[in-house]
Amino acid sequence: MNSITKLNFKIIAHLMGLLFVVNGGFMLLSAIVSWYYSDGVLAQMIYSGSVALGLGGVVMVLTKNHRKEIQKREGYIIVTFGWVFMALIGTLPYLFTAAIPNFTDAFFETMSGFTTTGASILSDIEAVPKGVLFWRSITHWIGGMGIIVLAIAILPLLGIGGMQLFAAEAPGPGGDKLHPRITDTAKRLWLIYVGYTIAETILLKLAGMSFFDAINHSLSTLSTGGFSTKNNSVAYWNDNPLVQYIIIFFMFLAGSNFVLSYFAFKRKFQKIFQDEEFKMYAAIVFGFTLLAALLIYFEADTSLSSVVHPMVWGPFESAVRHALFQVLTVITTTGFISADYTAWTPFLTIFFFGMMFLGGCAGSTSGGIKIMRHLIMIKNGVLEFKRTLHPHAILPVRYNQKAVQQPIVFNILGFFILYMLSFIVGTLVFSWVGLDFKTAIGAAASTLGNIGPALGSLGPVDNYGHLPDAAKWWSSFLMLIGRLELFTVLILLTPFFWRNR
C-alpha cells in the first residue's frame with residue numbers, strides 16, 4: 001500500500017481548520033482596533049475574520065471524526081502546510097482593506113510576518129490603517145510562539161537539526177512520543193511569552209510611546225519579528241534612548257532559550273549560568289557590541305547622522321547604544337533599525353552581514369543557524385585535531401557536561417551544509433531574476449535567516465517592494481524553509497518521502 005494512502009489526512013485537515021479559526025479570531029481582535037481608532041476599514045476587517053472563521057469551522061466540523069494519532073510524516077506535512085495556509089489566509093486583511101491590493105505583495109508580507117522575518121514591501125507604513133498594522137504585528141506574535149511550541153513538542157520528535165538537545169533541556173518532553181507534560185510546558189512558555197509582551201508594553205508606554213506603538217513593538221520584539229509602526233522603525237525614537245534600551249533588553253530575552261526564563265522564574269539560576277549556549281550567546285553580544293561601538297566612535301562618528309541620530313547622552317553612549325541595538329537586532333534576527341549599519345564603515349557592513357549567519361539560542365523565537373549548532377560544530381572541529389593524533393581514542397562531543405550522541409552531531413553538520421547550500425542557491429536565484437551581487441547575497445542571507453534588513457538595495461533604510469514578483473516568491477520560500485529548520489520543508493520535496501514504507 002502507498003504511504004500516501006496511510007497518511008491521516010483528516011487530522012491534517014482538522015489542524016489546518018484550527019489554524020484558520022485561530023487566525024480568524026485574531027483578525028476580529030484587529031477589527032476591534034480598527035473600530036477603536038476609526039481607521040475606516042472596520043467592515044473589511046470583520047469580513048476577513050468571518051471568512052477565516054467560517055472556512056476553519058467548516059473544515060473542523062467535516063473532519064471531527066479523525067484518528068487522534070500523528071506519525072512523523074503527518075508531522076512534517078502539518079508543520080509545513082500549517083505555515084503556508086496561515087500565510088494564505090493571513091493575506092485577507094491586506095486584500096480586503098486594499099492596504100496591499102496585490103496578492104504577491106500581500107503573501108510576501110504575511111509570510112514575512114508569520115516567519116518573524118520582518119521584511120516588508122510597504123514604503124509608507126504610517127499610512128496603513130491601524131487595524132491592519134495591528135494584524136501585521138499579530139502575525140509576528142503568532143509565528144513567534146508557534147516556533148517555541150514547535151521546538152518543544154514537534155521538531156525533537158522529527159529529529160530536526162539537533163533540536164533533540166534542546167528537548168533534553170526542556171522541562172517537559174521526554175522519550176520518543178508526545179508526553180502529557182509537553183502540553184503543560186507549552187502552557188508555561190505561553191504564559192512567559194504573554195507576560196513578557198505585557199511587561200514590555202507597559203514599560204514602553206511609561207517611557208513615552210503611545211499605547212498603540214508600545215503594544216505593536218512588544219508583539220514584534222518578543223517574536224524577534226521586526227515589523228514597526230513607523231517608517232524609520234525604532235530610529236523614530238532615537239531622541240529617546242530609554243525606549244531603545246527597553247527594546248534591547250527584551251530582544252536579548254527573546255533571543256535566549258525561553259526555557260531558561262522558565263528556570264529563572266523557578267529560581268533555578270544555576271541552570272542558567274551553567275548553560276553553555278547562553279554563556280556563548282551573552283559573550284558574543286558583549287564582544288561584538290564592544291568592537292562595533294569602538295569602530296563607530298572612532299571611525300564612523302559622522303555617519304551616526306545617517307538615520308536621524310541626536311546624541312542625547314553624548315557621542316560615546318550613542319555609539320554604544322546603536323552598536324548594542326544593531327548587534328542584538330541582527331543576532332536575534334529581529335530586524336529593528338536604529339541606524340543604517342551599511343552607512344558606517346565597509347568593515348562593519350561585512351561584520352553585520354557575517355552576524356546574519358549566527359542566530360539566537362535554540363528554543364528562542366529567533367531564526368538563523370542558532371548558537372547551539374555553532375558551539376557543537378566548533379567543539380567537534382577541535383576534537384578532530386585530537387582524533388588525528390589519537391585515532392583510536394573515544395572522544396565524544398560534550399554539551400552542558402553531557403556527551404552528545406554522534407547522530408545528533410552528524411545531523412547538525414548536515415544542517416549547516418544544507419543551510420549554506422540553500423544560501424548559495426538562494427543567491428544564484430536572486431541573481432538570475434535580476435538582483436545585483438550585493439543585494440542578492442544580502443537577500444539570501446536575510447530571508448533564509450529571517451532577519452529582514454539586508455544589503456544593497458535591501459539595506460536597513462530600504463524595503464522589498466521594488467523586487468520583481470519572482471524574487472518575492474523566492475524570498476517567501478526561503479523565509480519558510482529558514483523558519484522551519486530546512487529539513488521540515490525540504491523533505492517534502494524528496495521522492496522517498498512519498499514512497500511505499
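For the numbers below, each heavy atom of this structure counts, side chains included, while hydrogens, waters and symmetry mates do not.
Closest of all the heavy-atom pairs between Glu200 and Thr221 is OE2-OG1, 3.0 Å. When all heavy atoms are compared, the tightest approach of Met45 to Gly131 is CE-O, 3.9 Å. Closest approach of Pro468 and Leu435 over heavy atoms only: CD-CD1, 4.2 Å. Pairing each heavy atom of Ile441 with each of Phe423, the nearest pair is O-CE1, 3.4 Å. The shortest non-hydrogen separation linking Tyr464 to Ala119 is CE1-CB, 3.4 Å. Heavy-atom minimum distance, Ala207 versus Ile246: CB-CD1, 3.7 Å.
Side-chain N/O atoms of Ser228 and Tyr236 include no donor and acceptor closer than 3.5 Å. Using modelled atom types and a 3.5 Å distance limit, the side chains of Arg321 and Ser338 yield no donor-acceptor pair. A donor atom on one side chain and an acceptor atom on the other are not found under 3.5 Å apart for Asn450 and Thr333.
Judged purely by atom type and a 3.5 angstrom limit, Ser137 uses its side chain to pair as donor or acceptor with the backbone of Leu133. At distances below 3.5 Å, at least one donor-acceptor pair connects side-chain atoms of Thr349 with backbone N or O atoms of Thr345. The closest donor-acceptor contact from the side chain of Asn232 to the backbone of Ala235 lies at 3.5 Å or more, if one exists at all. Counting only distance, with no hydrogens or angles, the side chain of Ser446 and the backbone of Gly452 share a donor-acceptor pair below 3.5 Å. Under a 3.5 Å cut-off, the side chain of Trp474 and the backbone N or O of Ala444 do not form any donor-acceptor pair. Between the side chain of Thr329 and the main chain of Gly335, a donor-acceptor pair closer than 3.5 Å is present. Under a 3.5 Å cut-off, the side chain of Asn257 and the backbone N or O of Cys361 do not form any donor-acceptor pair. The main-chain N or O of Phe108 is never found under 3.5 Å from a side-chain atom of Ser112 such that the two would form a donor-acceptor pair. When atom types are taken as modelled, the side chain of Thr80 and the backbone of Thr488 share a donor-acceptor pair closer than 3.5 angstrom. Judged by distance alone, with hydrogens and angles left aside, the side-chain atoms of Lys438 form no donor-acceptor pair with the main-chain N or O of Ser457 at under 3.5 Å.
Ring-plane geometry between Phe325 and Phe336 is classed as tilted, the angle between the planes lying from 30 to 60 degrees on a 0 to 90 degree scale. Note: Phe103 and Trp473 have tilted aromatic rings, judged against thresholds of 30 and 60 degrees for the angle between ring planes. Using cut-offs of 30° and 60° on the angle between ring planes, the pair Trp190 and Tyr193 is perpendicular. Below 30°, between 30° and 60°, or above 60°: for His140 and Phe227 the angle between ring planes is below 30°, a parallel geometry.
The side chain to side chain contact (heavy atoms under 4.5 Å, CB included) search around Phe286 returns none, not counting sequence neighbours. Partners of Asp462 under the side chain to side chain contact (heavy atoms under 4.5 Å, CB included) rule, at least two apart in sequence or in another chain, do not exist in this structure. Remark: Phe81 pairs with no residue by the ring-ring contact (aromatic ring centres under 6.0 Å, His included) rule, at least two apart or across chains.
To the nearest 0.5 Å, the span separating OG1 on Thr229 from CG on Asn216 amounts to 5.5 Å. Between the CZ atom in Phe416 and the CZ atom in Phe357 there is a gap of 8.5 Å [rounded to 0.5 Å]. If you take CE on Met145 and OG on Ser223, they are separated by 11.5 Å, rounding to the nearest 0.5 Å. Considering CE of Met86 and OG1 of Thr115, their distance stands at 9.5 Å, rounded to 0.5 Å. Put simply, OG on Ser364 and OH on Tyr281 are 7.0 Å apart, with the number rounded to the nearest 0.5 Å. In this structure, NZ on Lys205 lies 12.5 Å from OG on Ser218, to the nearest 0.5 angstrom.
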Just do the side chain to side chain contact (heavy atoms under 4.5 Å, CB included) check on Leu324 and Val285 with the steps written out, would you? CA-CA 8 Å; Leu324 178 57; Val285 170; 4.0 Å; yes

Given Leu295 and Trp344, is the side chain to side chain contact (heavy atoms under 4.5 Å, CB included) satisfied, shown in steps? CA-CA 9 Å; Leu295 286 170; Trp344 288 338; over 6 Å; no

Hey, mind stepping through Met355 and Gln326 against side chain to side chain contact (heavy atoms under 4.5 Å, CB included) and telling me if it holds? CA-CA 10 Å; Met355 279 193 284; Gln326 290 306 134; over 6 Å; no

As a quick check of understanding, evaluate ring-ring contact (aromatic ring centres under 6.0 Å, His included) for Tyr341 and Phe351, giving each step before the final call. CA-CA 10 Å; Tyr341 54 77; Phe351 182 67; over 10 Å; no

Assess the residue pair Ile77 and Phe497 against the criterion (side chain to side chain contact (heavy atoms under 4.5 Å, CB included)); give the C-alpha distance rounded to whole Å, side-chain angles, the decisive distance to 0.1 Å, and a yes or no. CA-CA 11 Å; Ile77 293 169; Phe497 181 84; 4.1 Å; yes

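Contact of the Ile247 side chain with the Leu204 side chain is registered, since non-hydrogen atoms from C-beta on lie closer than 4.5 Å. At least one side-chain heavy atom of Ile412 sits less than 4.5 Å from a side-chain heavy atom of Arg373. In this structure, the side chains of His322 and Gln244 come closer than 4.5 Å at one or more pairs of heavy atoms. A heavy-atom distance below 4.5 Å is not found between the side chains of Trp432 and Leu428. Residues Asn23 and Thr139 fail the side-chain proximity criterion, which asks for heavy atoms closer than 4.5 Å. Put simply, the side chain of Phe352 does not reach to within 4.5 Å of the side chain of Pro460, judged on heavy atoms. Counting heavy atoms from C-beta outward, Met16 and Ile78 have side chains that approach closer than 4.5 Å. Between Trp237 and His217, the closest side-chain pair of non-hydrogen atoms falls below 4.5 Å.
More than 12 heavy atoms of other residues, nucleotides or ligands lie within 6.0 Å of CZ in Phe212, so this atom counts as buried by the packing criterion. Counting heavy-atom neighbours within 6.0 Å of Phe437 CZ, excluding the residue itself, gives a total of 12 or less.
When Glu276, Glu384, Glu277 are each tested for a salt bridge (Lys or Arg N to Asp or Glu O under 4.0 Å) with Lys379, only one passes: Glu276.
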